[in-house]
Amino acid sequence: MKAKMLDRREIDVLAGRLDDARVQVLDVPSLADDVEIHIDDAYRIQDELVARYLRRGEALVGVKLGFTSKAKMAQMGVSEVIVGRLTDAMSVDDGGRVELHRFIHPKIEPEVAYRLALDVDLDDPTVDVESCVDAVAPAMEIIDSRYRDFRFTYTDVVADNTSAAAYVIGPWQPMRAIGDLPVRLEAGAHTVDGSTEAILDDPINALHSLLEVSRRRRIPLRPGDVILAGAATAAVPLTAGLARCEIDGLGVVSVEVTA
Ligand code: OOG
Ligand code: MG
C-alpha cells in the first residue's frame, strides 16, 4: 500500500502532537496508528517540529545520526540510517547535571561526536566531508522517544526528530582516525561494553551517510555544527547517579543525573 502524501495542515497537526508531548513530558501513540506516512512527509514533520523549537527560542547547533549500529537497529527494529537535529536546549555540559523530570522515559547511549569547521556544500558533488571536520570527542546521547513505550515505526521516529532529547560532549581532540576503539558506558546499575567499530564499521563512515541524507533532505551542515555519529551500543535506561562513557584513547565524558 502506498502512503498518501499529507497536506500542510496535516503535517502541522502531527508536528504539534509531538511538540506537545515534549513540552508536557507526556507520551503519545505511534502516528502510524492513525495514518500511513511517507518518509518524505516524516522529514517534513521533523522540519516543522524543529521549526517550533526555534520559534520558542532554541538555536540549531548540529545534527545526529541514528541506527548506525547493528545493536541499535536490532534494539529498535529499524535498519536504515536516520538524521535528526540538535538544539542548544539539548546540550548538557561535560561533568554537569541533568534532571530526569525533563524526560518521559529517557535512555542513554555512548556516541562519537565530530565538529564541523567548514560549511559543507551539499550541491558540490566533489565535496570532501571529512576535510570539513576539525575535531572529534567522546559523547553520550540521551534519547527520549515521544512515543508510548518507545514503540515506533521508521517514519514515526524520523518525524519525532529521531528521539533527540539531550547530549553531552567530552573534551574535543584534533580530528584523527578512530576506527576500532573500546567503549564503556556506565550509567547507574548498567554497564555496557562495545567498540566504535559498531558505528558503520568506523564512525568516519557516519559522515558520508550524513552527507547522503543531508543532500536528499536538504539538511544544512554548517561551520561549528556538532555531529553525533550514532550509538556504539544499545541504549540503557537513564537513572539517577553518574553516567560516564570512556572511549579508550579518545577520552571520558560524564554527567550527573538527578531526580
Ligand atoms: C532512535 C534514536 C537512535 C542512535 O544513536 O542510533 C539513535 C531511538 O532509538 O529511539 O540516536
Ligand atoms: Mg543516538
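Quick caveat, the model's predicted, so the values are computed rather than measured. Residue numbers count from 1 along this sequence. Indexing begins at 1, ligand by ligand and atom by atom, following the structure's order.
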Between [X] and [Y], does any side-chain N to carboxylate O distance fall below 4.0 Å?
| X | Y | answer |
| --- | --- | --- |
| Asp12 | Arg9 | no |
| Arg22 | Glu58 | yes |
| Arg52 | Glu48 | yes |

Atom nearest to the Mg ion (ligand 2) - [X], N, O or S atoms considered:
| X | value |
| --- | --- |
| Glu111 | OE2 |
| Glu141 | OE1 |
| Glu109 | OE2 |

* **With Arg217 via side chain to side chain contact (heavy atoms under 4.5 Å, CB included) - residues at least two apart** => Ile39, Asp40, Tyr43, Val213, Ile219
* Asked: Would the number of heavy atoms belonging to other residues, nucleotides or ligands and lying under 6.0 Å from CZ of Arg151 be above 12?
  -> no
* Asked: Heavy atoms under 4.0 Å from ligand 1: which residues qualify?
  -> Lys64, Leu65, Gly66, Phe67, Lys72, Met76, Glu109, Glu111, Glu141, Ile143, Phe150, Phe152, Val157, Thr162, Ser163, Gly230, Ala231
* To do: Any chance you could measure Leu49, atom CG, to Gln46, atom CD, to the nearest 0.5 Å?
  => 7.5 Å
* Interatomic distance, Ser163 atom OG to Glu109 atom CD [nearest 0.5 angstrom] -> 8.5 Å
